[in-house]
There are 2 protein chains.
Amino acid sequence: MDDISLRVLAQLEPEGLDAEGQSWQQRKSVQTRITILEAAIDCLQQHGYGRTTTQLIAEMAGISRGAMLHHYATKQDLISSVIDYTVYKRMEVFLEGIRALKDSARIDEMAGIEISFQSMLTREFAAYLELAIAARTDPDLAEIFLPKARRFDQTELAEIIRAFPEWAENPDGYALAMDYANAALEGLVINRDIWPERDQRVLCHFVGKTIAMLRRGDLTVPA
Amino acid sequence: MDDISLRVLAQLEPEGLDAEGQSWQQRKSVQTRITILEAAIDCLQQHGYGRTTTQLIAEMAGISRGAMLHHYATKQDLISSVIDYTVYKRMEVFLEGIRALKDSARIDEMAGIEISFQSMLTREFAAYLELAIAARTDPDLAEIFLPKARRFDQTELAEIIRAFPEWAENPDGYALAMDYANAALEGLVINRDIWPERDQRVLCHFVGKTIAMLRRGDLTVPA
DNA sequence: CGGCAAAAACCGACAAGCTTGTTTGTTATT
DNA sequence: AATAACAAACAAGCTTGTCGGTTTTTGCCG
C-alpha cells in the first residue's frame with residue numbers, strides 16, 4: 001500500500017479507537033468499544049437491523065447494557081460508529097486488493113471482480129449491507145448512513161482511477177460498469193445462503209465476463 | 001393464457017378472497033381484506049418489514065386495528081396472507097408475460113429479461129423482496145415465507161419449461177441462468193432509487209446479454 | 001512515598017413509549 | 001335471535017434512555 005493510500009485510509013479512521021500509547025484506561029476503553037462494535041456487526045449479520053437491539057448487542061459483547069451506554073450514549077451513536085468502523089475495514093480490504101492487482105494479477109481480467117466478490121463475503125460487509133438495505137426505508141438511519149456511504153464510494157472511485165488511469169478516459173462507462181458489478185454482486189451476496197459455493201463462483205464469473213466485455217467495447221450500450 | 005396456465009394460477013389463489021357471488025357480508029369482508037393486504041404491501045414497500053406494525057397497516061387501510069384483527073387474528077396470519085397475495089399477483093404477471101413471449105417477441109432475446117425486470121418494479125414485488133430479505137435473518141418469518149417462495153419458484157420453472165421445451169435439454173444450465181438473472185436483477189432493484197431510469201434499463205440490458213450468451217453457449221462455465 | 005479526591009469504567013433499577021393480542025361492547029346483516 | 005363486521009380499552013412484554021450507585025484507575029499534594 002503506497003503513501004497516498006495510507007493517507008486516504010487514515011482519513012477514514014474512526015474516532016475514539018486510535019489510542020495506542022495512551023494510559024491503561026484509554027486502552028481498556030478502546031478494547032471495550034471494539035468488542036461492542038464487533039458484537040454489533042455479528043448482531044446485524046445474524047439478526048438483521050430490525051432485530052438488532054441494544055440489549056442483544058450488550059449480551060453478545062459480554063458486558064452490561066449500562067456499560068455499553070457509557071461508551072455509546074444512544075443507539076444512534078452506536079450505529080453511527082458501526083458504520084464508520086465497517087467503512088474503515090472495507091476500505092482497508094479494498095486498498096489491499098488494489099495493491100495486489102497493481103502488482104501482478106492485472107493481466108487476468110477476472111481478478112478485480114473476484115476480489116470485489118470476496119470482499120463482499122466478509123462479516124463487515126454483511127453488516128454494511130444490512131444497514132444499506134434498512135436505510136432505504138428508514139429515514140433516520142438514512143440520514144446517518146448515506147453521507148458515510150457516499151464518502152466511501154467517492155474514495156473508492158478516486159483510488160481506482162488513480163490505480164488505473166485508463167478508466168479516466170471513459171468515466172461514464174466506468175461508472176456504469178462499477179454500478180453493474182456492485183449491484184449484481186450484491187444480488188449474489190443476498191441470495192448466497194441458498195446456493196452451493198461453487199455456483200456462486202460461477203455466477204460471479206458471469207459478472208466478470210460482462211465487465212470484461214464492457215472494457216473491450218464488445219458490449220454496446222443500447223439507445 | 002392457456003387452460004393449463006389458468007389452472008396453475010387457480011392453485012395459487014389465496015383463501016378467503018374468492019367470494020364473488022356470495023352474500024353482501026361476504027363481499028364486504030373480501031373487500032376489506034383486500035384493502036388491508038394492499039395497505040400492508042404499501043407499508044412494507046415504504047417502511048420495510050422491521051417497521052411494518054399492525055397499527056400502521058390499520059391506519060393506512062383506514063380502519064381500526066380491532067377490525068383488522070377480526071379478519072387477521074395475529075400478525076403472522078396477516079403476513080402469511082400478504083405472502084400468498086403477492087405470490088398470486090406475481091404469478092399472474094409472470095404467466096401473462098410468458099404468454100406474450102410465446103406469441104411474438106420470442107425472437108428478441110432481450111424480451112424475457114426485460115419482462116422479468118419490469119415485473120420486479122411493481123409494488124407487489126417490492127413487498128415480496130422486503131419479506132425475502134427479512135426472512136434471511138428472521139427464523140419465524142422464514143418458516144412461513146420459504147415454503148411459499150419455493151412453491152412459486154417451482155411453479156415458475158415448470159411453466160417456463162412448458163413454454164420453452166428446449167431449456168429442458170440443459171436443465172442445469174437453465175437453472176444457473178435463471179439464478180443469475182434473478183440475483184442480478186434483484187441487486188438492480190434494491191439500488192434503483194439511486195440511479196436514473198435510463199441507466200437501470202442499460203444495466204438490465206447487460207443481464208440480458210449475459211443470458212443470451214449462455215443460451216448460445218458463448219459463455220463457458222469455468223472449472 | 002502514601003493517601004486522597006476526581007474521574008472513568010461498569011452495573012442494575014426504573015420510567016416512558018411502543019407493539020401485540022385479548023376482551024368487551026356496539027352496529028349491521030342474515 | 002344469531003352471527004358477522006367493526007371499534008375501543010386493557011394487559012403483558014419489549015426497547016430505549018436516564019439515574020443512582022459501585023469499583024477501579026489516575027493524578028495530585030502533603
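We name chains A, B, ... by the order of the sequence lines, and we start the count at 1 in each one.
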Atom OH of Tyr72(A) and atom C1' of dT16(D) are separated, to the nearest Å, by 18 Å
Met68(B) CE to dT19(C) P: how many Å, rounded?
-> 12 Å
To the nearest Å, give me how far apart CZ (Arg27(A)) and P (dA8(C)) are.
-> 17 Å
Leu69(B) near the nucleic acid: base, sugar-phosphate alone, or nothing, with a heavy-atom cut-off under 4.0 Å?
-> base
Distance under 6.0 Å and angle within 45° of the ring axis: does Arg90(A) meet both against Tyr128(A)?
-> yes
Short N-O contact, Glu130(B) and Arg51(B), less than 4.0 angstrom | no
Measure from the side chain of Arg65(B), starting at C-beta and using heavy atoms only, and say which of dG21(C), dT30(C), dC11(C) lies closest.
-> dG21(C)
May I ask you to verify if any side-chain N or O of His71(A) is less than 4.0 angstrom from the OP1 or OP2 atom of dC10(C)?
-> yes
Measure from CD on Gln76(A) to P on dG17(D) and round the result to the nearest Å.
-> 9 Å
Which nucleotide, dT20(C), dT30(C), dT25(D), lies nearest any side-chain atom of Lys75(B)?
-> dT20(C)
Report yes or no: do Glu59(A) and Gln55(A) form a side-chain donor-acceptor pair below 3.5 Å?
-> yes
Rounding to a whole Å, what distance do you find between Gln26(A):CD and dT26(D):C1'?
-> 11 Å
Selected nucleotide, minimal atom distance to Thr53(A) side chain, candidates dT15(D), dT26(D), dG21(C) = dT15(D)
Do Tyr85(A) and Glu38(A) have a side chain donor and acceptor closer than 3.5 Å?
-> yes
Rounded to the Å, how far apart are His47(A) NE2 and dC14(D) P?
-> 15 Å
Nucleotide dC18(C), atom C1' - distance to CD of Gln55(A) in whole Å | 17 Å
Dump the intermediate steps for salt bridge (charged side-chain N to carboxylate O under 4.0 Å, His left out) on Arg162(B) and Asp2(B), then the final yes or no.
-> CA-CA 12 Å; Arg162(B) 196 168 67 81; Asp2(B) 61 22; 3.2 Å; yes
Distance check: side-chain N/O of Thr54(B) vs OP1/OP2 of dT19(C), anything under 4.0 Å?
-> no
Side-chain N or O of Thr32(B) less than 4.0 angstrom from OP1 or OP2 on dC6(D)?
-> yes
Side-chain N or O of Ser64(A) less than 4.0 angstrom from OP1 or OP2 on dG12(C)?
-> no
Side chain of His70(B) (C-beta onward), nearest among dT20(C), dC6(D), dA9(C) | dC6(D)
Selected nucleotide, minimal atom distance to Ile63(A) side chain, candidates dA9(C), dC11(C), dA5(D) | dC11(C)
Assert: residue with more 5' nearest nucleotide on DNA chain C, out of Arg51(B) and Gln25(B), is Arg51(B)
If you check every side-chain atom of Lys28(B), which of dA9(C), dG21(C), dA5(D) has the closest atom?
-> dA5(D)
Atom pair distance, as rounded to whole Å: CD in Gln31(A) and C1' in dT24(D) = 17 Å
